[in-house]
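A quick note: this is a predicted structure, and the numbers were derived from the prediction, not measured.
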Amino acid sequence: MNWGKYRNLIFYITTIAVFSCLMYFFIMEGQTLEVKENMIAQTSSGSTWENFMESFKTNLHHPLALLLAQIVTIILTARLFGWICMKIRQPTVIGEMIAGIVLGPSLVGMYFPEFSTFLFPKESLGNLQFLSQIGLILFMYIVGMELDLSVLRKKAHDAVVISHASIIIPFALGIGLSYFIYQKFAPDGIQFTSFALFIAISMSITAFPVLARIVQERNLQKTKLGTIVITCAAADDITAWCILAAVIAIVKAGSFTSSIYVILMAIAYVFLMIKIVRPFLKRIGDLQAGKNSISKPMVAIFFLTLILSSYATEVIGIHALFGAFMAGAIMPENAKFRTLFIDKVEDVALVLLLPLFFVFTGLRTQIGLLNDGQLWMTAGFIILTAVLGKFAGSALTARFVGINWKESLTIGALMNTRGLMELIVLNIGYDLGVLGPEIFAMLVIMALFTTFMTGPALDFINFIFKSKKENNEELYDKNDSKYRVLLSFDKPESGSTLLRLAHDFTHKMNGNKSITAMNIAPVDEMHAYDINEYENSQFQNVIETSHELKLEVTTLFKASTDIESDLTSISNKGNYDLLLIMLGKSMYEGSLLGRLLGFTTKIINPEKLLNTVKGKGNIFNNSPFDDFTLQILDKTNIPVGVLVEKGFKTADKVFVPIFNLSDFYLLEYAKRLINNNNSQIIILDAAGQIRNNIEVKELIRSIEQVAPNHITLYNEKKIEKEFLNAQDLMLISSKSWKNLIDTKSLWLSDIPSTLIISNP
């Protein structure tokens with residue numbers, strides 16, 4: 001017997017047995033050492049189930065278990081409301097802000113008090129606040145990094161007047177507002193100056209991150225207007241945070257005179273950061289130039305800078321968030337370096353920790369306190385003052401410096417966006433005791449309202465200034481006789497593949513064709529300062545392929561919070577003849593949890609539920625398309641070609657199976673491939689219906705007359721694998737492709753690439 005084969009097994013069994021016996025021996029001997037009078041009784045009078053339930057209840061209320069339950073609830077709720085706001089074309093931050101209020105005493109606490117008390121007991125709020133503050137520090141670090149100081153230096157002379165006017169006008173109106181509401185709403189013992197300064201700064205703030213996302217989504221970033229408004233918002237952000245630091249110093253000190261030392265220390269801190277720390281970080285960053293990753297020692301250096309900066313400003317008395325903002329602003333200006341570092345920070349900050357801040361704010365917001373008409377009138381007056389100060393102040397100043405009315409009003413609407421930055425200011429005021437619960441709730445409502453109104457205000461401005469010239473241009477586009485192909489891609493290599501396919505359909509059409517390559521990117525994947533670099537990288541392969549094919553291509557780039565809606569809207573409004581897309585990789589995208597968290601099954605899909613209720617579909621219908629592609633096919637009014645790509649290069653040999661009369665529209669696309677690419681087309685009469693249809697036979701005969709030997713009618717029922725492998729592309733209808741999936745046809749694995757064409 002070969003004992004070598006069993007040596008490891010014997011060693012394993014022996015080791016387990018020997019050391020198990022040894023442990024048993026020590027446990028038995030150890031029990032003899034127990035001192036009986038000092039032992040706690042191990043038995044319980046209750047049953048085993050009662051003991052388990054008692055232990056389970058104790059574990060449920062353990063601080064760590066409670067914190068984890070809070071985080072799960074908060075993230076799911078925030079993502080749900082964020083997704084709802086995205087669907088109605090509002091910034092997701094509004095949904096997250098609403099989620100905080102919903103989980104607070106204004107809704108859940110009012111109607112489900114026991115659940116609210118269990119999930120958010122007062123003793124647990126300290127942990128929640130601590131984690132949310134960490135999230136805010138990381139968020140302000142990102143905000144600082146997203147500021148492009150080089151653009152600010154170049155364009156400041158164009159925007160500084162608008163920016164500072166958009167601060168001083170609402171600031172003055174805020175102090176005036178404070179005069180009327182101080183006696184009724186200021187907490188006891190708070191000086192008028194402190195109260196007025198915080199009301200004024202809450203009127204003056206602009207949410208730079210939200211504004212930057214809206215500018216990207218509306219494709220304004222490359223326009224003069226976009227540059228001006230981004231520069232205004234950046235200058236506004238820096239100025240407002242400096243003013244806030246001074247306000248905090250004054251409030252903590254009690255008077256301006258007493259705060260002079262704090263302000264002097266803050267100035268010294270800023271000088272130290274700009275003149276000493278910033279050059280040091282630049283040298284560190286230069287070592288990283290050209291690399292695609294950041295080493296852990298470098299990450300440690302930058303995080304230490306963040307923490308020390310936040311610590312310094314907290315100790316000085318101007319709040320840790322200002323230090324985080326400053327640490328981000330002085331980061332090396334290399335766009336690639338900042339992108340790499342932001343990617344390391346923002347997932348944890350924005351997805352995990354920041355929603356905790358929204359809910360913590362919501363737990364403080366007691367809308368139920370506004371229980372009479374006079375209080376709501378005061379809230380309305382606060383909103384009116386905020387809008388007049390920021391919207392009207394920015395718009396009138398922009399008009400005064402020579403910008404036309406449409407762009408001036410657009411600047412006003414964008415600068416009026418307050419978002420998360422407003423909540424940060426309000427929470428600082430609440431923590432300092434300057435703002436009471438009633439005025440805090442009113443200002444939170446103001447922050448929500450002014451952020452929510454941005455999108456509708458921009459749409460209304462565009463509507464009232466829509467010129468006759470634009471209408472004529474739209475009419476001209478609709479009467480354009482060119483064959484217009486739109487290809488939409490997510491990855492650069494996909495764009496190149498789809499462009500080759502579009503070329504095969506239009507190669508010989510010369511000036512009678514128009515090809516547009518479109519990339520719609522999620523707003524969250526980009527940052528304000530590197531959007532041009534992102535766009536160039538996305539279109540690089542498409543541009544190179546167009547030069548190779550000597551093909552004129554129009555590129556269209558859009559940042560979006562709802563890619564599906566924007567893609568269908570552009571397709572339907574652009575008067576295109578064909579939309580080409582790639583089949584989505586995942587079968588689980590598009591469902592409710594999938595859209596919120598990135599994964600789940602297709603069963604939990606709100607749109608499918610709605611269609612099922614309306615009688616339009618079966619919730620358990622197992623479609624071969626991913627949900628994103630299904631929505632595109634359902635909502636577009638033009639033919640859509642969905643490419644299942646397996647190394648596609650050219651459509652020289654094309655296989656077209658015809659299963660029923662409704663598939664005959666495929667012959668028009670086969671004809672285009674013959675005319676423009678000299679493709680060899682093999683048509684499979686799978687159901688034997690072509691021979692009996694005179695119209696289709698005439699169409700095939702007309703094709704043969706123009707291009708003899710380019711089309712072959714195939715009647716064989718059995719298709720050899722070698723034959724399928726020899727084809728470059730299969731053209732098939734969406735309905736027939738589903739049938740192939742359902743029957744698990746081997747064709748799917750044998751055809752190199754497949755173009756599924758829907759006929760709306």
Tell me which pairs pass ring-ring contact (aromatic ring centres under 6.0 Å, His included) where either residue lies in residues 402-441, with sequence neighbours left out.
Tyr430-Phe440
Verify, without hydrogens or angle tests, whether Thr313 (side chain) and Ser310 (backbone) share a donor-acceptor contact under 3.5 angstrom.
yes
Applying side-chain contact (heavy atoms from CB on, under 4.5 Å), run through Asp237 and Thr206 and close with a yes or a no.
CA-CA 7 Å; Asp237 232 22; Thr206 291; 5.7 Å; no
May I ask you to test the Met421-Phe208 pair for a side-chain heavy-atom distance under 4.5 Å?
no
I need the minimum non-hydrogen distance between Met442 and Leu375, along with the two atoms involved.
CE-O, 3.5 Å
Quick one: closest heavy-atom pair of Ile214 and Leu414, and the distance?
CG2-CD2, 3.7 Å
Taking side-chain contact (heavy atoms from CB on, under 4.5 Å) as the test, write out the residues that go with Glu314, two or more places apart.
His319, Ala320
Between Met203 and Gly174, what is the shortest heavy-atom contact and its length?
CG-CA, 3.8 Å
Does Thr92 use its side chain to pair, donor to acceptor, with the backbone of Met86 at less than 3.5 Å?
no
Would you tabulate the side-chain donor-acceptor contacts of residues 165-173 under 3.5 Å, counting partners in other chains and residues two or more places apart, or write 'none'?
from: Ser166; atom 1: OG; to: Ile162; atom 2: O; distance (Å): 3.4
from: Ser166; atom 1: OG; to: Ser163; atom 2: O; distance (Å): 2.6
from: Ser166; atom 1: OG; to: Asp236; atom 2: OD2; distance (Å): 2.9

Evaluate the criterion side-chain contact (heavy atoms from CB on, under 4.5 Å) for residue pair Phe325 and Ile238; output intermediate values, then yes/no.
CA-CA 9 Å; Phe325 176 77; Ile238 293 172; 4.0 Å; yes
Which residues satisfy the salt bridge (Lys or Arg N to Asp or Glu O under 4.0 Å) test with Arg399, sequence neighbours excluded?
none
For the OG1 atom of Thr305 and the CG atom of Leu281, what is their distance to the nearest 0.5 Å?
4.5 Å
Is any side-chain heavy atom of Thr77 closer than 4.5 Å to one of Val359?
no
For Phe139 and Val143, what are the C-alpha separation, side-chain angles and deciding distance, and is it a side-chain contact (heavy atoms from CB on, under 4.5 Å)?
CA-CA 6 Å; Phe139 172 74; Val143 171; 3.6 Å; yes
Applying salt bridge (Lys or Arg N to Asp or Glu O under 4.0 Å), can you list everything that pairs with Lys282, at least two apart in sequence or on another chain?
Asp286
What I'd like to find out is whether the side chain of Pro332 reaches to under 4.5 Å of the side chain of Arg338, using heavy atoms alone.
no
Residue list, ring pair (Phe, Tyr, Trp, His ring centres under 6.0 Å) with Phe280, at least two apart or on another chain:
none
Quick one: does Leu119's side chain get under 4.5 Å of Val108's, heavy atoms only?
no
Does any pair with a residue in residues 357-369 pass side chain to side chain donor-acceptor pair (under 3.5 Å), and if so which ones, sequence neighbours excluded?
Thr361-Asn427, Arg364-Asn427, Arg364-Asp431
Residues passing the side-chain contact (heavy atoms from CB on, under 4.5 Å) test with Ala266, sequence neighbours excluded, are Ile318
With Ile248 as partner, the option from Ile428, Ile201, Val434 fulfilling side-chain contact (heavy atoms from CB on, under 4.5 Å) is Ile428
I'd like to know if the side chain of Thr397 and the backbone of Gly393 have a donor-acceptor N/O pair within less than 3.5 Å.
yes
To the nearest 0.5 angstrom, please state how far the CD1 atom of Ile445 sits from the CD1 atom of Ile101.
7.0 Å
Spatial distance of atom CG (Leu420) from atom CG (Leu354) [nearest 0.5 Å]
5.0 Å
Side-chain atoms of residues 448-458: list all donor-acceptor pairs with protein atoms under 3.5 Å, sequence neighbours left out, distances to 0.1 Å.
from: Thr450; atom 1: OG1; to: Met446; atom 2: O; distance (Å): 2.8
from: Thr450; atom 1: OG1; to: Ala447; atom 2: O; distance (Å): 3.3
from: Thr451; atom 1: OG1; to: Gly419; atom 2: N; distance (Å): 2.7
from: Thr451; atom 1: OG1; to: Ala447; atom 2: O; distance (Å): 2.7
from: Thr454; atom 1: OG1; to: Thr417; atom 2: OG1; distance (Å): 2.8
from: Thr454; atom 1: OG1; to: Thr450; atom 2: O; distance (Å): 3.2
from: Thr454; atom 1: OG1; to: Thr451; atom 2: O; distance (Å): 3.3

Does the side chain of Val262 reach to within under 4.5 Å of the side chain of Lys252, using non-hydrogen atoms?
no
Kindly give the heavy-atom pair with the smallest separation between Trp241 and Ile424, and that separation in Å.
CH2-CG2, 3.6 Å
Considering all heavy atoms of both residues, which atom of Ser202 and which atom of Leu443 are nearest to each other, and what is their separation?
OG-CD2, 3.9 Å
What is the distance from atom CD1 of Ile74 to atom CZ of Phe358, rounded to the nearest 0.5 Å?
11.5 Å
For Tyr269, enumerate each residue passing the ring pair (Phe, Tyr, Trp, His ring centres under 6.0 Å) test, keeping only those at least two apart in sequence or located in another chain.
none
Taking Arg418 for the side chain and Asn416 for the main chain, is one N or O donor matched with an acceptor at less than 3.5 Å?
yes
By side-chain contact (heavy atoms from CB on, under 4.5 Å) - contacts of Phe303 (at least two apart):
Leu138, Val299, Leu306, Phe341, Val345
About how many Å separate OG of Ser132 and CG of Asn127, when rounded to the nearest 0.5 Å?
10.5 Å
Please round to the nearest 0.5 Å and tell me the distance separating atom OG1 of Thr410 and atom CG of Leu225.
5.5 Å
With a 4.5 Å cut-off on side-chain heavy atoms, are Phe180 and Thr378 touching?
no
Assess the residue pair Leu131 and Ile71 against the criterion (side-chain contact (heavy atoms from CB on, under 4.5 Å)); give the C-alpha distance rounded to whole Å, side-chain angles, the decisive distance to 0.1 Å, and a yes or no.
CA-CA 10 Å; Leu131 275 180; Ile71 291 173; 4.2 Å; yes
Side chains of Phe400 and Val161: closer than 4.5 Å at any heavy-atom pair?
no
Between the main-chain N or O of Ala249 and the side-chain N or O of Ser259, is there a donor-acceptor pair closer than 3.5 Å?
no
Any donor-acceptor N/O pair, Lys390 side chain to Ser204 backbone, under 3.5 Å:
yes
Test item: Leu353 and Leu136 side chains (from C-beta on) under 4.5 Å apart, heavy atoms
no
Of all heavy-atom pairs linking Gly368 and Asn371, the shortest is O-CB, 3.6 Å
What residues form a side-chain contact (heavy atoms from CB on, under 4.5 Å) with Val270, not counting sequence neighbours?
Ile274, Phe322, Met326
With a cut-off of 6.0 Å (strictly less than), are more than 12 heavy atoms of other residues, nucleotides or ligands near CZ of Phe192?
yes
